[in-house]
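Notes for the one structure printed next.
Because only heavy atoms are used, hydrogens play no part in the values below, and waters and symmetry mates are left out as well, while side chains stay in. To find a chain, count down the sequence lines: A is the first, B the second, and so on, and within it residues start at 1. Note that the structure is predicted; figures quoted are calculated from it, not measured.
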Amino acid sequence: MSADQPFKSQFLKTMQERGYIHQITHPVELDEAASKGPITAYIGFDATASSLHVGHMIQIMMLRRLQQAGHKPIVLMGGGTTKVGDPTFKDTQRPLLTDEQIKANIDSMKVSFARFLTFGDGPTDAVMVDNADWLDKLGYVQFLRDYGVHFTINRMLTFDSVKLRLEREQPMTFLEFNYMLMQATDFLELERTHGCVLQMGGSDQWGNIINGVELIRRVDQKPSFGLTTPLLSTASGQKMGKTVGGAVWLNADMRSPYDYWQFWRNTEDADVGRFMKLFTDLSMEDIARYEAMQGADINEAKKVLANEATRMLHGEEAAHAAAEAARVAFEVGSVSGDMPTFEIAAADLEAGVVLAALATDAGLAASRGEARRLAQGGGLRVNDAAEADANRTITSADLVDGVVKLAAGKKKIVLVKPV
RNA sequence: GGGGGAAUGUCCCGAGUGGCAAAGGGGGGGGACUGUAAAUCCCCUGGCGUACGCCUUCGCAGGUUCGAGUCCUGCUUCCCCCA
């Protein structure tokens with residue numbers, strides 16, 4: 001964990017210099033193991049949504065670094081744990097997902113993983129597993145006898161996740177309390193079936209990861225390791241990952257490559273270097289050059305960051321198109337076909353549509369009232385002209401080059417196209 | 001089992017005297033300034049309607065009242081104390 005003694009293994013060296021490491025259970029031993037030969041490591045992902053989002057990127061990138069350094073990554077999908085439902089959000093009882101939904105989610109997420117990892121049967125090829133495969137089969141009594149004996153309540157109560165809850169006098173259910181045991185058995189299972197020796201995750205997972213390490217040591221008398229990443233926030237203290245218009249999904253059908261590019265383009269100055277290290281494959285030397293940029297020049301670095309990040313996820317072509325669309329939109333002030341579009345029946349447009357309704361349907365506002373407020377505040381623009389009256393009708397007379405350009409604020413742009 | 005508290009604008013925290021679309025934050029959105037950044041300042045933040053307006057909201061279900069987030073009854077969930 002300390003930066004004082006340099007790591008020997010390529011993997012940890014990279015991890016450290018690029019800023020992925022927050023804590024490691026046994027840094028020296030892990031370094032030793034990783035420098036001797038290929039090791040296997042895993043990260044767990046929930047299957048609650050049909051797409052991963054940028055918040056998952058740091059984890060995905062860790063697995064990528066692992067594979068790049070000649071080791072074997074395992075993607076653990078929480079098919080089993082998702083079935084129970086994450087109890088952390090106790091306020092809103094989230095509707096439980098069906099087996100089919102979970103399966104569909106996993107399939108859908110796999111697409112994104114495949115952009116960053118090479119899957120297959122080779123020694124360093126990534127594999128994907130689903131903890132439903134073993135959690136579903138657990139017998140309660142058997143589970144208690146096999147694993148329950150290795151956990152003391154005394155210790156479990158010392159974990160931050162539990163302690164915080166108790167201090168705030170918030171309820172913690174027994175189910176939730178058992179969660180850490182289930183996660184620990186995941187690690188044990190992977191250690192036995194795949195020879196997995198390392199679990200990685202966000203810093204909030206530290207306690208859970210330790211439990212797994214501990215369990216393996218007690219049950220199988222084998223060493224294993226845990227590594228966590230720092231909590232990612234922007235330089236100004238915001239939680240990383242949100243943007244105008246909600247979650248930044250990785251799947252192209254949920255968030256366009258254009259939006260994804262925009263997300264990275266809007267990175268804060270102070271974060272550019274850090275994000276480049278974490279989210280691109282650029283060399284440390286290149287990054288150092290970009291990091292040195294000052295003032296407005298740093299915008300060039302942001303473009304590079306956006307290009308690289310988008311290229312990895314959506315491919316070279318999509319990245320180019322997104323960059324070009326952005327250039328046209330912001331630097332030329334014109335329109336480009338790669339901007340998000342909203343299709344409307346030509347007949348409807350011919351007849352005329354109330355602007356507030358159109359802006360709402362096109363996704364620029366959540367309701368007509370919001371569109372009205374937006375217009376009154378001067379944030380709604382039609383063909384680049386601010387329009388304070390959201391009640392005016394938009395007709396085919398407003399078409400410019402075959403589209404009506406609607407914008408909410410400076411960055412949310414939608415082209416309305418008659419079909 | 002007994003006693004005492006709590007649930008508020010469906011993003012979160014949180015004030016609330018019988019007249020309340022309901023204080024104040026945070027978060028979010030927009031504008032100004034800039035560099036598609038940060039910081040700062042200003043505006044907005046339940047839905048529908050062009051509008052006097054209508055509708056829906058304060059755990060759930062009833063009741064008192066011209067009128068209830070506010071009073072009464074029952075229920076649900078959570079917290080604390082006693083057993």
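- The phosphate of A32(B) has OP1 or OP2 within less than 4.0 Å of a side-chain N or O from K410(A).
- Pair assignment for G53(B): C48(B), on the basis of Watson-Crick or G-U wobble contacts that are both within less than 3.5 Å.
- Atom OH of Y290(A) and atom C1' of A37(B) are 18 Å apart (whole Å).
- G35(B) is unpaired under the criterion used here, namely a Watson-Crick or G-U wobble arrangement in which both key atom distances are under 3.5 Å.
- Atom CZ of R373(A) and atom P of C42(B) are 20 Å apart (whole Å).
- The residue among S367(A) and Q262(A) whose nearest nucleotide of RNA chain B lies closer to the 5′ end is Q262(A).
- A distance of about 16 Å separates the P atoms of C33(B) and A38(B), rounded to the whole Å.
- One interatomic measurement links the two molecules: CG of N266(A) to C1' of A38(B), which rounds to 12 Å at whole-angstrom precision.
- A straight line from CD of E268(A) to C1' of A37(B) spans 7 Å, rounded to a whole angstrom.
- Comparing G295(A) and T360(A) by the nucleotide of RNA chain B whose heavy atom lies nearest to each, the residue mapping closer to the 5' end is G295(A).
- Remark: of the listed residues Y42(A), F119(A), F45(A), F119(A) is the sole one forming a side-chain contact (heavy atoms from CB on, under 4.5 Å) with M128(A).
- At A37(B), one or more side-chain N or O atoms of K411(A) fall inside 4.0 Å of OP1 or OP2 (strictly under the cut-off).
- Summarising the geometry, the separation between NZ on K303(A) and P on U36(B) is reported as 9 Å, rounded to the nearest angstrom.
- For E331(A), the CD atom counts as densely surrounded, since its 6.0 Å shell holds more than 12 non-hydrogen atoms of other residues, nucleotides or ligands.
- Across all strands shown, A6(B) pairs with U77(B); the Watson-Crick or G-U wobble distances both stay below 3.5 Å.
- A270(A) comes within 4.0 angstrom of nothing in the nucleic acid, heavy atoms only.
- Across all strands, R265(A) comes closer than 4.0 Å to base atoms (heavy-atom distances).
- Rounded to whole Å, atom P of C44(B) lies 18 Å from atom CG of L380(A).
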After noting the C-alpha distance and the side-chain angles of D271(A) and K302(A), does the key distance pass the side chain to side chain contact (heavy atoms under 4.5 Å, CB included) rule? CA-CA 10 Å; D271(A) 289 326; K302(A) 292 183 189 180; over 6 Å; no
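- One finds a side-chain N or O of R368(A) lying less than 4.0 angstrom from the OP1 or OP2 phosphate oxygen of G49(B).
- Between the C1' atom of G30(B) and the CD atom of Q376(A) lies a distance of 12 Å, rounded to the nearest Å.
- No option in Q59(A), K277(A), R65(A) other than R65(A) meets the side-chain hydrogen bond (donor to acceptor under 3.5 Å, both in side chains) test with Y20(A).
- Ring centroids of F279(A) and W264(A) are separated by less than 6.0 Å, placing the two rings close together.
- Between the side chain of E331(A) and the base of U36(B), no donor-acceptor pair of N or O atoms lies under 3.5 Å.
- Taking a 6.0 Å sphere around CG of D253(A), one finds it holds more than 12 heavy atoms contributed by other residues, nucleotides or ligands.
- Because its glycosidic torsion is more than 90° from 0, C44(B) is reported here as anti.
- Note: CG (D271(A)) to P (A39(B)) measures 11 Å, nearest angstrom.
- In terms of polar N and O atoms assigned as donor or acceptor, the side chain of D297(A) never comes within less than 3.5 Å of the base of G35(B) in a complementary pairing.
- Side-chain contact between F263(A) and R255(A) is absent, with no heavy atoms from C-beta onward closer than 4.5 Å.
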Within the sub-3.5 Å range, which N or O atoms of nucleotides 50-58 of chain B have a protein N or O partner, and how far apart are they?
from   : atom 1 : to      : atom 2 : distance (Å)
U50(B) : OP2    : R372(A) : NH2    : 3.1

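- Shown here is H320(A), whose NE2 atom has no more than 12 heavy atoms of other residues, nucleotides or ligands within 6.0 Å.
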